[in-house]
Amino acid sequence: MTGRPSYDPGAIEPKWQDEWEAEGVFRAVEQDDGRPRFYNLQMFPYPSGDMHMGHAEAFGISEAIGLFKRIQGFNVLNPIGWDGFGLPAENAAIQRGIHPKEWTYANIDQQRSTLRRYGCAFDWDRQFNTCDPDYYRWTQWLFVKLFERGLAYRKLAPANWCPKDQTVLANEQVVNGLCERCGTPVVRKDLTQWFFRITEYADRLLDDMEELTGWSDRVLTQQRNWIGRSHGAEVDFVIEETGDPVTVFTTRPDTLWGVTFFVFAPEHPLVTALAERGGTAGAVKDLQDRLQRAPLTSRDQAASREGLPLGVHAVNPVNGERVPCWVAPYVLMEYGTGAVMGVPAHDQRDFEFAREHGLDIRVVIRPEGVGTDPADMTAAWSHEGVMVNSGPFDGTPSPESIARVTEWLADEDLGRTAVSYRLRDWLISRQRYWGAPIPIIHCPSCGEVPVPEGDLPVLLPDDVDFSPQGESPLAKNEAFVNVTCPRCGGAARRETDTMDTFVDSSWYFLRFTGKTDDAPFSSEEVAKWMPVDQYTGGIEHAILHLLYSRFFIKVLFDAGMVSFTEPFTNLLNQGMVINEGAALSKSRGNVVEPLPLIERFGADSIRVTMLFAGPVEDDVDWATVSAAGAHKWLSRLWRLTFDAAAAGVAGSGSGGGAREGAAAATALERSVHRTRRGVTMDDERFRFNVAIAKLMTLTNELGKALEAGATGGAVRDAAETLVQMVAPFAPHIAEELWRGPLGYRESVFHSQWPGWDEDLAREDEVVLVVQVDGRVRDRITVPAGATEDECRDRALASDRVRAHLDGREVDRVIVRAPKLVSIVTRG
RNA sequence: GUCGGAGUGGCGGAACUAGGUAGACGCGCUAGGUUGAGGGCCUAGUGGGCUUCAUCGCCCGUGGGGGUUCAAAUCCCCCCUCCGACACCA
């Protein structure tokens, strides 16, 4: 046991990182080699700085999955790239005078080097970065595809505008209604901007979720709510004074007889004209202006029940009643038709509005046993009941009343069934520099002309002044803007908006399967690898990134470019890394840097610490875990593997402890098989904390067996099993031990995952628990094969059990051989 | 408010899929050993209470209450708390 080197991760880890790359151990094999393929993907990082603790956690998990699959014999694709475009780069440019490109590429270099030091098993050859012209050329190409399919269009939409900086702000740049940079109150400004028609896919995005059995309910529910499909009816009202038809959407057509007022959203196109007709133009304009001045993010004013009468009336088609029209911010222009019927008795918002403004309340759904005097009501009744005061429908009970009224509306031509969505079209325009330019040319005679494929990419010019003093920084670059129309050759102007970075990340996983120069991705490689077998990433992307990627795949499916409709078969959302209960943040001063930890304990110990801390979906509180503990275990594994390698070739035991050693070896053999079974099953379900616990147990047992003098095959098997099974969690130490003391030439990642013998994995002796009246009274060791009768006899013969049975009559005995006997007494 | 998830030792967590020894594994702590000291390492102990010289043993215990069952952390009902998402969606 002398001459054993000490465990020095600082030396072995970089050594194997170099060696793996030289040998191409983690390269995916493109040629079919008979192994099943496994596309293991981790959401690619955004290079806003160096790798942080969240990366260490997320990559630790996806590494464990990928490496486990690799040793199990899968041909694993495990790529890495960077989501290089985005606002922080531009802010850094403004604040520190560095070009966004320089800042971004420097961060990528740093992240790459830290990820290498972490020992990630990436196929580095496939890496790319979305701000490379090589990549965004295809983002632009895909934009053109969407444009050609009628899925990209322009319309007027409000944006956050800082009047001092003269620039558009993203929502996250608006803090408490003020510009993040200069503190000026932010206003809304209407700009003509580009959208993707994702709403056209709302039903498919919703319905195809049935296929996503490998996604958590948590994410599916969030997506479902985000799409927000609700079924109801459209009903046609008419403005009495002007004859304007106005349609409303409602999920409760059964409450139509309870309408006592009518409300428009302030932005509704009819409002100005109606206010003039009603003689309320001045006050209404003030309200509209005030809302116009508020930033998009601040919706607080809408939480009030404020509103103004318009001075005109709407006619209820079901009974011809005229009700007053109002305008109120609680009605949203973006949802439904931008106008609602007011049913205060049965809608809480309408109820509060009616109380605020003294409007009538009329009950038309009578709940059983609940008072129906409007004056006594403290809240709207939005539940079931029976229709009253509703003309021909009186007495109709409320679940089916909705369908019956809707049918009647259609028959009478007063309305129709309708579906409404919460989902909006995807606004992809950014009046920003550091993104992929939208490849459109605006021609005075031809209109919106897409840049021809041969002219792509539309390169982002380097010489741009990004100091904020106008519209998009690109708009000031004359050389960029002034072009000729590709269709008619006349003078034209280039679009100066860039694309939302979510566009870049909606298709990157396709290009990882194989880059080509004449298409965004290789159809052949996509057919081989897609959909992604396992996608790992943060829950913060539960909605947008995942929804947009699903949308893109459906569009590409419709375009005949891919043959599947969902991009990610299985999705795993890992928890966050926090410290002392709070998210890591510089201002809080609780940031944990991964690199110093890697240098101190080794990448393997950090990975094990993260994985052992708890279930992968749970947050890891760094303050409650110990990298020293993981390091201690790996050191112990190191020592024991050297000792076991020596004892493993020593043949059967010798000396005075021979018999004891042989017994220990037999027990160890059973442990080995049990561990193989248990860890394999835990790994399959990503229960890595439990798998590691089992490996620790086997480590302890190997230590005891060696102590007892065990030698030979069982000892060797235990050490090999430990090394192979620890490899997905701690690849470096595993490789060093595999090729070092265990003497293999080939990588442990090319070894065969150990199988098990069910007979050996079973315990040969088990503890039989004996209960009397539900309480455990004795534990008896019995052979694993003990029969029901044997168990019953042994249990009834037990002195302890008999003491408890003293004087009582046995009613019945339940036997679950060989683990449990339950004796029930009478009385 | 709606939807989703979760409450187990001093701490992170096992056991929940299929009801059958609650607390695996680790951290921390305590004691002992090793060491010039410290650290490291090794060994043992570690849910609470009662009883005992010590054993043996008994009782309680998985957020609270009720239920089903020979048997409940696990299944059913009610309640409480915490976390997350959306939040005037008509």
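In the text below, chain A, chain B and the rest are named by the order of the sequence lines, each starting its count at 1.
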Exercise for review: Check whether any side-chain heavy atom of A:Leu637 lies under 4.5 Å from a side-chain heavy atom of A:Leu722, and answer yes or no.
Suggested key: yes
**Study point:** Pairwise C1' distance, B:G19 and B:A71 [rounded to whole Å]
**Key:** 8 Å
Exercise for review: Quick one: label A:Arg218 by what it contacts on the DNA or RNA (base, sugar-phosphate, nothing), any heavy atom closer than 4.0 Å.
Suggested key: sugar-phosphate
Exercise for review: Look at the side chain of A:Tyr335 and decide which nucleotide, out of B:C70, B:C89, B:C25, has an atom nearest to it.
Suggested key: B:C89
**Study point:** Ring geometry between A:His545 and A:Phe502 (parallel below 30°, tilted from 30 to 60°, perpendicular above 60°)
**Key:** parallel
Exercise for review: Calculate the interatomic distance between A:Leu702 atom CG and B:C25 atom P; express it in whole Å.
Suggested key: 16 Å
Exercise for review: Would you mind telling me which of B:G5, B:A90, B:A24 lies closest to the side-chain atoms of A:Asp217?
Suggested key: B:G5
Point to revise | Nucleotide forming a Watson-Crick or wobble pair with B:C3, both distances under 3.5 Å | key: B:G84
Exercise for review: Tell me what A:Asp811 touches on the nucleic acid: a base, only sugar-phosphate, or nothing, going by heavy atoms under 4.0 Å.
Suggested key: nothing
Review point. Rounded to whole angstrom units, what separation is found between the CG atom of A:Leu695 and the C1' atom of B:A24?
Key: 14 Å
Check your understanding: Across the strands shown, which category fits A:Arg224 at heavy-atom distances under 4.0 angstrom: base, sugar-phosphate, nothing?
Key -> nothing
Practice item. Mind calculating the distance between CZ (A:Arg687) and P (B:A15) to the nearest angstrom? Key: 4 Å
Check your understanding: Separation of A:Gln574 atom CD from B:G84 atom P, in whole Å?
Key -> 17 Å
Point to revise | Nearest-0.5 Å distance, OG1 of residue A:Thr609 to NE2 of residue A:His631 | key: 10.0 Å
Check your understanding: Under 4.0 Å between a side-chain N or O of A:Asn573 and OP1 or OP2 of B:G84?
Key -> no
Check your understanding: With rounding to whole Å, what would you report as the distance between B:G64 and B:U8 at their P atoms?
Key -> 10 Å
Exercise for review: Could you tell me whether the side chains of A:Ser671 and A:Glu701 share a donor-acceptor contact shorter than 3.5 Å?
Suggested key: yes
Point to revise | B:G9 versus B:G28 - spacing of their C1' atoms, nearest Å | key: 12 Å
Exercise for review: Check if the side chain of A:Gln348 and the base of B:G1 share a donor-acceptor pair of N or O atoms closer than 3.5 Å.
Suggested key: no
Review point. Charged N to carboxylate O under 4.0 angstrom, A:Arg607 versus A:Glu57?
Key: no
Point to revise | Under-4.0 Å side-chain N/O to phosphate OP1/OP2 contact, A:Lys632 with B:C27 | key: yes
**Study point:** Note, A:Pro615 side chain near A:Arg687 side chain (heavy atom, < 4.5 Å)
**Key:** no
Check your understanding: What integer number of Å spans the P atoms of B:G38 and B:U30?
Key -> 14 Å
Check your understanding: Given atom CE of A:Met610 and atom C1' of B:G26, what is their separation to the nearest angstrom?
Key -> 16 Å
Review point. Taking a pair as Watson-Crick or G-U wobble with both distances under 3.5 Å, which nucleotide is matched to B:C70?
Key: B:G20
Check your understanding: Do the numbers put A:Arg362 on top of the ring of A:Trp257, so that NZ or CZ is under 6.0 Å from the six-membered ring centre and no more than 45° off the axis?
Key -> no
Review point. Can you check whether A:Thr624 has a side-chain N or O nearer than 4.0 Å to OP1 or OP2 of B:C27?
Key: no
Point to revise | Whole-Å distance separating the NE2 atom of A:His268 from the C1' atom of B:A90 | key: 13 Å
**Study point:** B:G36 glycosidic torsion: syn (within 90° of 0) vs anti
**Key:** anti
Check your understanding: What distance, rounded to whole Å, do you find between the two C1' atoms, one in B:G10 and one in B:C89?
Key -> 48 Å
Review point. Which nucleotide sits closest to the side chain of A:Thr221: B:G4, B:C70, B:A14?
Key: B:G4
Point to revise | Separation of the C1' atoms in B:C50 and B:A37, to the nearest angstrom | key: 44 Å
Review point. So, A:Asp682 and A:Lys694, do they make that salt bridge, N to O below 4.0 Å?
Key: yes
Check your understanding: For RNA chain B, whose closest nucleotide is more 5', that of A:Arg639 or that of A:Thr697?
Key -> A:Thr697
Exercise for review: For nucleotides B:C75 and B:U17, find the distance between their C1' atoms and express it as a whole number of Å.
Suggested key: 14 Å
Check your understanding: With sugar-phosphate meaning primed atoms plus P, OP1 and OP2, does A:Gln771 contact a base, only sugar-phosphate, or nothing at under 4.0 Å between heavy atoms?
Key -> base
Exercise for review: Return no unless some side-chain N or O of A:Arg777 is found under 4.0 Å from OP1 or OP2 of B:G57.
Suggested key: no
Review point. Is the distance from OP1 or OP2 of B:C70 to the nearest side-chain N or O of A:Arg816 less than 4.0 Å?
Key: no
Point to revise | A:Ile543 side-chain proximity, nearest of B:C86, B:G84, B:A15 | key: B:C86
Practice item. With the side chain of A:Val776 defined as its heavy atoms from C-beta on, choose the nearest nucleotide among B:C86, B:A15, B:U21. Key: B:U21
Review point. Rounded to the nearest 0.5 Å, how far apart are CG of A:Leu205 and OH of A:Tyr421?
Key: 10.0 Å
**Study point:** A:Phe612, nearest nucleotide to its side chain (from B:C3, B:G12, B:U21)
**Key:** B:G12
Check your understanding: What does A:Val331 touch in the nucleic acid at a heavy-atom separation under 4.0 angstrom: a base, only the sugar-phosphate, or nothing?
Key -> base
Check your understanding: Considering only the C1' atoms, how many Å lie between B:A18 and B:G66, rounded to the nearest integer?
Key -> 26 Å
Exercise for review: Take the protein atom NZ of A:Lys819 and the nucleotide atom C1' of B:G19, then report the distance between them rounded to whole Å.
Suggested key: 12 Å
Practice item. Identify the nucleotide, in any strand shown, that forms a Watson-Crick or G-U wobble pair with B:G12, with both distances under 3.5 Å; if there is none, say none. Key: B:C25
Exercise for review: Please tell me which of the listed nucleotides, B:G12, B:A90, B:C86, lies nearest to the side chain of A:Trp226?
Suggested key: B:C86
Check your understanding: Taking CD from A:Gln222 and P from B:U2, how many angstroms apart are they, rounded to a whole number?
Key -> 18 Å
Review point. Which nucleotide, B:A14, B:C70, B:G84, lies nearest any side-chain atom of A:Asn689?
Key: B:A14
Check your understanding: B:C86, B:A14, B:C89: which one has an atom nearest the side-chain heavy atoms of A:Arg424?
Key -> B:C89
Check your understanding: Which base, if any, makes a Watson-Crick or G-U wobble pair with B:U55, both distances under 3.5 Å?
Key -> none
Review point. With both distances under 3.5 angstrom, what nucleotide forms a Watson-Crick or G-U wobble pair with B:C41?
Key: B:G33
Exercise for review: Could you pick out which residue, A:Ser626 or A:Ala693, lies toward the 5' side of RNA chain B when each is mapped onto its nearest nucleotide?
Suggested key: A:Ala693
Check your understanding: Below 3.5 Å, does any donor atom in the side chain of A:Ser822 face an acceptor in the base of B:C70, or the other way round?
Key -> yes
Review point. A:Arg812 side chain: which of B:A14, B:C11, B:U69 is closest?
Key: B:U69
